[in-house]
Amino acid sequence: MFRFDLSPSSPTPIYRQIVDQVARAVASGSLQAGDELPSVRAVAQQHVVNPMTVSKAYALLEQQGTIERRRGLGMIVRAGEASALDERLALLQPALDHAAAVSRQLAITPKQAMAALKLTLELPNKVNLDE
Amino acid sequence: MNEPNATTATTAAINVDHLSLSYGGVTVVNDVSFSVAPGSVLGILGRNGAGKTSLLQCMLGLTVAQTGTADLLGCPSLALTDDVKARLGYVAQSPELFDWLRVREQISLIGGLYPGWSEARAQALCRRFDLPDDMRVRKLSPGEKQRLAIVLALAHRPELLVFDEPVASLDPVGRRDFLRSLFEQESLNGEAVTVVISSHLLEDLERVATHLLFLNHGRIQLMGARDELSEQVRLFVTKHGLAAQPGLLHSKKLDDHTWQHVLDLRQFPADALPPGTHVDEDMHALGLADLFVALNS
């Protein structure tokens with residue numbers, strides 16, 4: 001069964017952590033279509049968080065089409081590409097956060113960083129040029 | 001008065017309207033208004049002396065405020081009916097227990113006062129909280145006394161629970177058990193259980209609170225849904241001070257002569273930000289502990 005890694009003290013709200021972790025696990029393939037998520041009650045009990053927070057996260061994931069409620073089984077990961085972009089963007093986010101942090105440390109302005117990112121994206125083989 | 005919708009609409013579990021209380025010229029609760037929807041878990045935070053206990057006592061009708069009113073489950077707290085009293089559970093900072101009784105005697109004494117009392121539930125709670133039911137109350141440790149008070153507040157399956165520093169003497173296991181027990185129970189009449197907790201243990205509030213109220217010198221400094229506050233309250237550092245604005249919750253000059261501000265972006269006017277500010281870049285999200293410190297330093 002999928003296990004969440006929740007950190008209540010983080011500035012990221014708990015419902016957001018749940019949504020992000022499911023999205024990342026789906027995008028990376030560690031959660032696949034048909035896999036079951038732990039019940040709201042089980043997550044709330046195990047992590048000692050408010051069940052309403054877990055429900056809120058599951059409702060959002062359901063809305064995004066990532067999971068669906070199946071009778072007798074609880075929440076199931078859905079097949080399909082409906083939220084594929086969301087999932088991939090969620091996977092990209094940690095790398096973006098890191099790039100943003102390094103940019104700030106180097107006093108690179110957002111404009112300069114954006115230009116550098118654009119250049120990197122437009123020159124996908126840049127790495128190979130050095131070889 | 002013929003408003004059928006008004007009677008079927010959900011009434012707030014708690015409604016506090018312009019409460020103020022002062023003792024000998026010192027205002028301890030200063031014009032406090034808020035309301036709590038059924039099923040919410042409201043965490044009340046503030047430094048020692050911020051007025052948390054006084055606010056709870058005024059809200060419950062245990063202290064008479066100079067001005068303002070409070071309603072609990074739709075009933076004025078200074079004129080609670082027996083029916084409403086039976087739907088409340090309260091754990092005071094220092095619970096009043098009968099020292100000479102044994103634990104089970106204290107439990108059945110209190111249980112006799114409530115129509116909805118479940119002896120089975122009281123027994124189950126005692127086991128969960130490791131209470132020796134044959135021991136005299138006076139021989140219990142402070143932590144055990146607190147656990148007994150929690151059992152007494154939960155066993156009649158109330159609809160509204162109020163805890164004033166409920167877990168100060170509990171160890172981490174006891175605290176987790178307490179938090180879990182809040183969500184396990186259904187109220188006797190099937191209504192959503194509403195909880196108010198005043199606590200310094202921010203990690204506990206982070207886990208369970210749906211709403212937060214920061215009290216500072218008797219006033220509400222900040223209040224809102226927990227997720228909304230996480231997403232809308234930001235720490236912001238500037239070279240110069242900011243003029244007073246709605247939504248500027250707190251400012252402080254740091255040792256390096258820069259200014260640190262706590263902004264509530266729900267209210268702070270975007271055009272009051274210094275030119276060139278990038279909301280995503282320059283503002284920092286805060287965990288509850290950091291927010292508490294930033295608001296009170």
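Below, chain A is the first sequence line, B the second, and so on; all start at residue 1. A quick note: this is a predicted structure, and the numbers were derived from the prediction, not measured.
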Looking at B/Ala285 and A/Pro11, what are the two nearest heavy atoms and their distance? CB-CB, 3.7 Å
Can you check whether A/Lys56 reaches B/Asp227 side chain to side chain, under 4.5 Å on heavy atoms? yes
Just wondering, more than 12 heavy atoms not from A/Arg69 lying within 6.0 Å of its CZ? no
Specify which of B/Glu231, B/Glu206, B/His284 makes the most heavy-atom pairs with chain A at under 4.5 Å. B/Glu206
Where is the tightest heavy-atom contact between A/Pro13 and B/Ser230, given as atom of each residue plus distance? CG-CB, 3.5 Å
Among A/Gln45, A/Arg16, A/His47, which residue has the highest count of heavy-atom pairs closer than 4.5 Å to chain B? A/Gln45
So does B/Asp255 have more than 12 non-hydrogen atoms from other groups sitting under 6.0 Å from CG? no
Residues A/Met52 and B/Gly39: closest non-hydrogen pair is CE-O, 2.8 Å
Trace of the side chain to side chain contact (heavy atoms under 4.5 Å, CB included) decision for B/Val208 with A/Val49: CA-CA 5 Å; B/Val208 300; A/Val49 295; over 6 Å; no
Pairwise side-chain contact, B/Arg180 with A/Val48, heavy-atom cut-off 4.5 Å (strictly under): yes
Once rounded to the nearest 0.5 Å, what's the spacing between atom CG of B/Leu286 and atom OG of A/Ser10? 11.0 Å
Within a radius of less than 6.0 Å around CZ of A/Arg104, do more than 12 heavy atoms belonging to other residues, nucleotides or ligands occur? yes
dist A/Ser9:OG -> B/Arg207:CZ (nearest 0.5 Å) comes out at 7.0 Å
